[in-house]
Trainee: 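To start, I am sharing the structure in question, which I have written as structure tokens.
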Amino acid sequence: MPRSPAALADRVVAWFATAARPLPWRAADVSPWAVLVSEFMLQQTQVSRVQPKWEAWIARWPTPAALAAEPPAEAVRAWDRLGYPRRALWLHRAATELVQRHDGEVPNDLDALLALQGVGPYTARAVAAFAFGARHPVVDTNTRRVLARAVDGRAEAGAPGAARDLAAMSAVLPEDPVAARAFNAGAMELGATVCTARMPRCDACPVADLCAWRAAGYPAHDGPKRRTQARFEGSDRQLRGRIMRELRGSHRPVARDELAPLDPDAARLDRVLGTLVADGLAVASDDGYALPG
DNA sequence: CTCCAGGGAC
DNA sequence: GTCCCAGGAG
């Protein structure tokens with residue numbers, strides 16, 4: 001606990017009121033569905049890449065029913081190169097679930113949100129908080145880092161643990177729902193634009209004088225080193241991406257032989273095609289492979 | 001725990 | 001080249 005949790009929240013809320021980026025999904029007239037779409041797209045994907053795809057998606061499918069009425073293949077095509085195309089499938093599935101179980105509306109209840117395909121602890125709370133103004137702690141990777149520094153005095157957040165993270169955020173979350181909403185969004189914004197992972201701009205930080213990490217003299221991260229991420233070049237991920245690009249570009253099944261040039265190793269190509277079929281991103285037929293239906 | 005795309009900053 | 005990114009599923 002910081003000496004003055006209220007001061008931390010007040011500062012962030014005040015800063016956010018003036019420094020918030022004008023992201024379109026933050027506009028007052030945006031529907032809960034549009035917020036949900038933004039949260040799916042923003043999972044592990046930067047704001048700058050999401051924005052144009054979100055605009056097009058909302059224009060084409062302004063309601064869950066509109067998306068659910070089209071085959072998953074169209075969702076995967078519109079997803080284009082945002083990455084992690086399973087999210088497009090999950091969003092289509094979630095739209096179907098909204099039509100089936102919630103009369104085509106996005107629920108404001110946390111458990112109902114969590115039950116949707118592709119909606120986890122972060123996304124459920126983000127939608128409840130940002131689309132409906134509910135007072136829940138919302139903790140993403142940015143907020144985890146901001147709290148680790150400002151409150152705990154550590155350079156990096158510790159091991160992810162939803163319960164611990166939510167408790168830490170709850171400890172500094174304002175009681176007033178309007179302020180809580182602004183603090184949830186503001187902490188994320190601070191982590192995204194000022195308290196960044198690599199080169200934090202402490203000179204521009206609204207809570208520099210309250211920051212435990214700064215007060216401690218910016219101690220280096222001492223915990224376990226993050227595992228270096230697997231090499232992308234030559235990975236299954238890369239091959240999956242190349243296959244998906246071919247499938248998106250074709251409105252008929254793509255023959256196995258047409259995909260062969262994507263990888264010299266035939267066994268690996270077949271194995272990776274198998275993972276796409278298992279994920280539901282591709283459907284195999286006598287004519288080859290195509291997007292789902 | 002591992003896997004999952006793709007792009008951009010450094 | 002390395003690391004990061006409004007995470008979630010199996």
Side-chain angles (χ1 to χ4, degrees), chain A residues 16 20-21 23-26 34-54 76 79-91 93-94 113-131 136-146 155-157 159-162 165-166 169 181 183-193 195-201 221 224-248 262 271-272 274-276 278-282:
Chain A
F16 185 66
R21 294 167 292 178
L23 304 179
W25 44 85
R26 287 176 177 163
V35 173
L36 180 65
V37 171
S38 78
E39 295 298 346
F40 266 81
M41 291 185 170
L42 288 163
Q43 291 168 6
Q44 297 289 282
T45 305
Q46 295 91 331
V47 164
S48 60
R49 296 179 54 210
V50 163
Q51 194 158 334
K53 298 298 182 192
W54 180 85
V76 174
W79 199 260
D80 196 36
R81 285 199 257 172
L82 268 184
Y84 296 142
R86 290 185 297 188
R87 290 182 294 168
L89 231 39
W90 295 341
L91 182 51
R93 174 95 61 89
L113 287 164
L114 277 168
L116 297 172
Q117 180 66 43
V119 174
Y122 164 75
T123 303
R125 287 175 176 77
V127 170
F130 302 141
H136 296 294
V138 181
V139 182
D140 76 330
T141 186
N142 290 307
T143 295
R144 276 169 47 73
R145 184 176 53 252
V146 167
E156 295 182 20
D165 295 340
L166 293 175
M169 187 59 169
R181 184 179 188 280
F183 183 60
N184 276 317
M188 291 168 59
E189 186 82 348
L190 188 62
T193 63
C195 192
T196 55
R198 286 211 176 165
M199 288 181 43
R201 299 168 42 231
H221 178 60
K225 305 268 284 189
R226 249 199 297 277
R227 322 191 332 93
T228 64
Q229 82 175 28
R231 168 173 253 87
F232 180 66
E233 196 65 27
S235 66
D236 285 0
R237 284 184 180 181
Q238 183 185 45
L239 182 52
R240 281 172 60 105
R242 287 176 173 167
I243 293 169
M244 289 305 296
R245 189 189 296 215
E246 294 298 321
L247 301 190
R248 284 195 307 266
L262 295 179
R271 177 172 56 75
V272 170
T275 70
L276 290 173
D279 286 344
L281 284 166

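A, B, ... follow the sequence lines: proteins, then strands. Residue 1 opens every chain. Atom set for the values below is all heavy atoms of this structure, side chains included, hydrogens, waters and symmetry mates excluded.
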Trainee: Go through the side-chain N and O atoms of A:Q43 and A:Y122 and say whether any donor and acceptor fall under 3.5 Å apart.
Mentor: no

Trainee: Is there side-chain contact between A:R125 and A:N184, with at least one heavy-atom pair below 4.5 Å?
Mentor: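 No, too far: nothing below the 4.5 Å cut-off.
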
Trainee: Would you kindly say whether A:R21 and A:T193 are connected by a side-chain donor-acceptor distance under 3.5 Å?
Mentor: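 There is no such pair between these side chains.
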
Trainee: Within the structure shown, what part of the strands sits under 4.0 Å from A:R245 by heavy-atom distance: base, sugar-phosphate, or nothing?
Mentor: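 Touches nothing.
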
Trainee: C:dA9, C:dC4, C:dA6: which one has an atom nearest the side-chain heavy atoms of A:W25?
Mentor: C:dA6

Trainee: Sticking with atom C1', work out how far B:dA5 lies from C:dC3, rounded to a whole angstrom.
Mentor: 15 Å

Trainee: So which nucleotide from C:dC5, C:dA6, B:dA5 ends up closest to the side chain of A:L42?
Mentor: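 Per side-chain heavy atoms of A:L42, the pick is C:dA6.
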
Trainee: Quick one: A:M188 CE to C:dC5 P, roughly how many Å, whole number?
Mentor: 12 Å

Trainee: Could you check how far CG of A:L114 sits from P of C:dA9, rounded to whole Å?
Mentor: 9 Å

Trainee: Quick one, A:R86 and A:L281 - any side-chain contact, counting heavy atoms below 4.5 Å?
Mentor: yes

Trainee: Using whole Å, report how far CG of A:L276 lies from C1' of B:dC3.
Mentor: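 My rounded result for the distance is 13 Å.
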
Trainee: Could a donor-acceptor pair under 3.5 angstrom be found where the side chain of A:R231 meets the base of C:dT2?
Mentor: no

Trainee: Return the 5'-most residue of the pair A:M199, A:R248 with respect to DNA chain B, ranking by each residue's nearest nucleotide.
Mentor: A:R248

Trainee: Name every residue in residues 44-54 of chain A that has at least one heavy atom under 4.0 Å from any atom of DNA chain B, in order of residue number, or write none if there are no such residues.
Mentor: A:Q44, A:Q46, A:R49

Trainee: Could you tell me how far C:dA6 sits from B:dC10 if I compare only their P atoms? Round to whole Å.
Mentor: 14 Å

Trainee: By a strict heavy-atom criterion of less than 4.0 Å, which residues belonging to residues 120-129 of chain A are in contact with DNA chain C?
Mentor: A:G120, A:P121, A:Y122, A:T123

Trainee: Side chains of A:N142 and A:R145: is there a donor and an acceptor less than 3.5 Å apart?
Mentor: yes

Trainee: Once you round it to whole Å, what is the distance between C1' of B:dG8 and CZ of A:F232?
Mentor: 13 Å

Trainee: Contact between A:W25 and A:V37 at the side-chain level, heavy atoms closer than 4.5 Å - yes or no?
Mentor: no

Trainee: When you measure only distances, ignoring hydrogens and angles, does the side chain of A:R198 come within 3.5 Å of the base of C:dC3 through a donor and an acceptor?
Mentor: yes

Trainee: Can you find a pair of side-chain heavy atoms, one from A:M169 and one from A:F183, that are under 4.5 Å apart?
Mentor: yes

Trainee: Can you tell me the distance, in whole Å, between the CZ atom of A:R86 and the P atom of B:dG6?
Mentor: 13 Å

Trainee: Taking the side chain as everything from C-beta on, heavy atoms only, tell me whether A:F40 gets closer than 4.5 Å to A:V119.
Mentor: yes

Trainee: When the nearest nucleotide of DNA chain C is assigned to A:D140 and to A:Q117 on a heavy-atom basis, which residue is associated with the more 5' position?
Mentor: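 Its nearest nucleotide being more 5', the pick is A:D140.
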
Trainee: On a whole-Å scale, what distance lies between the P atoms belonging to C:dA9 and B:dG7?
Mentor: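 The answer is 25 Å between these two P atoms.
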
Trainee: How is A:L281 classified with respect to the nucleic acid when contacts are heavy atoms under 4.0 Å: base, sugar-phosphate, or nothing?
Mentor: nothing

Trainee: Once you apply a heavy-atom cut-off of 4.0 Å, does A:T141 come out as touching a base, just sugar-phosphate, or nothing?
Mentor: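 The answer is sugar-phosphate, as A:T141 gets under 4.0 Å only of primed atoms, P, OP1 or OP2.
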
Trainee: If you check every side-chain atom of A:Q43, which of C:dG7, B:dA5, C:dC5 has the closest atom?
Mentor: C:dG7

Trainee: Considering every strand and a 4.0 Å limit on heavy-atom distances, what is the contact class for A:R144: base, sugar-phosphate, or nothing?
Mentor: nothing

Trainee: Closer than 3.5 angstrom, by distance alone: can the side chain of A:W79 be matched with the main-chain N or O of A:K53 as a donor-acceptor pair?
Mentor: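 No.
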
Trainee: Expressed in angstrom and rounded to an integer, what is the separation of A:R87 atom CZ from C:dG8 atom P?
Mentor: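 Distance, rounded to whole Å: 11 Å.
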
Trainee: Measure OH/A:Y84 against C1'/C:dA6 and give the value in whole Å, please.
Mentor: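 Going from A:Y84 (OH) to C:dA6 (C1'), I get 14 Å.
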
Trainee: OP1 or OP2 of B:dA5 versus the side-chain N and O atoms of A:R240: is any pair under 4.0 Å?
Mentor: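 Yes, within the criterion.
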
Trainee: A:W90 has a side chain; which of C:dC5, C:dA9, C:dG7 sits nearest to it?
Mentor: C:dA9

Trainee: Whole Å only: how far is the CG atom of A:L23 from the C1' atom of C:dC5?
Mentor: 15 Å

Trainee: With sugar-phosphate meaning primed atoms plus P, OP1 and OP2, does A:T228 contact a base, only sugar-phosphate, or nothing at under 4.0 Å between heavy atoms?
Mentor: sugar-phosphate

Trainee: With A:D80, which of A:M244, A:R248, A:R245 fulfils side chain to side chain contact (heavy atoms under 4.5 Å, CB included)?
Mentor: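 When A:M244, A:R248, A:R245 are each tested with A:D80, the side chain to side chain contact (heavy atoms under 4.5 Å, CB included) holds only for A:R248.
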
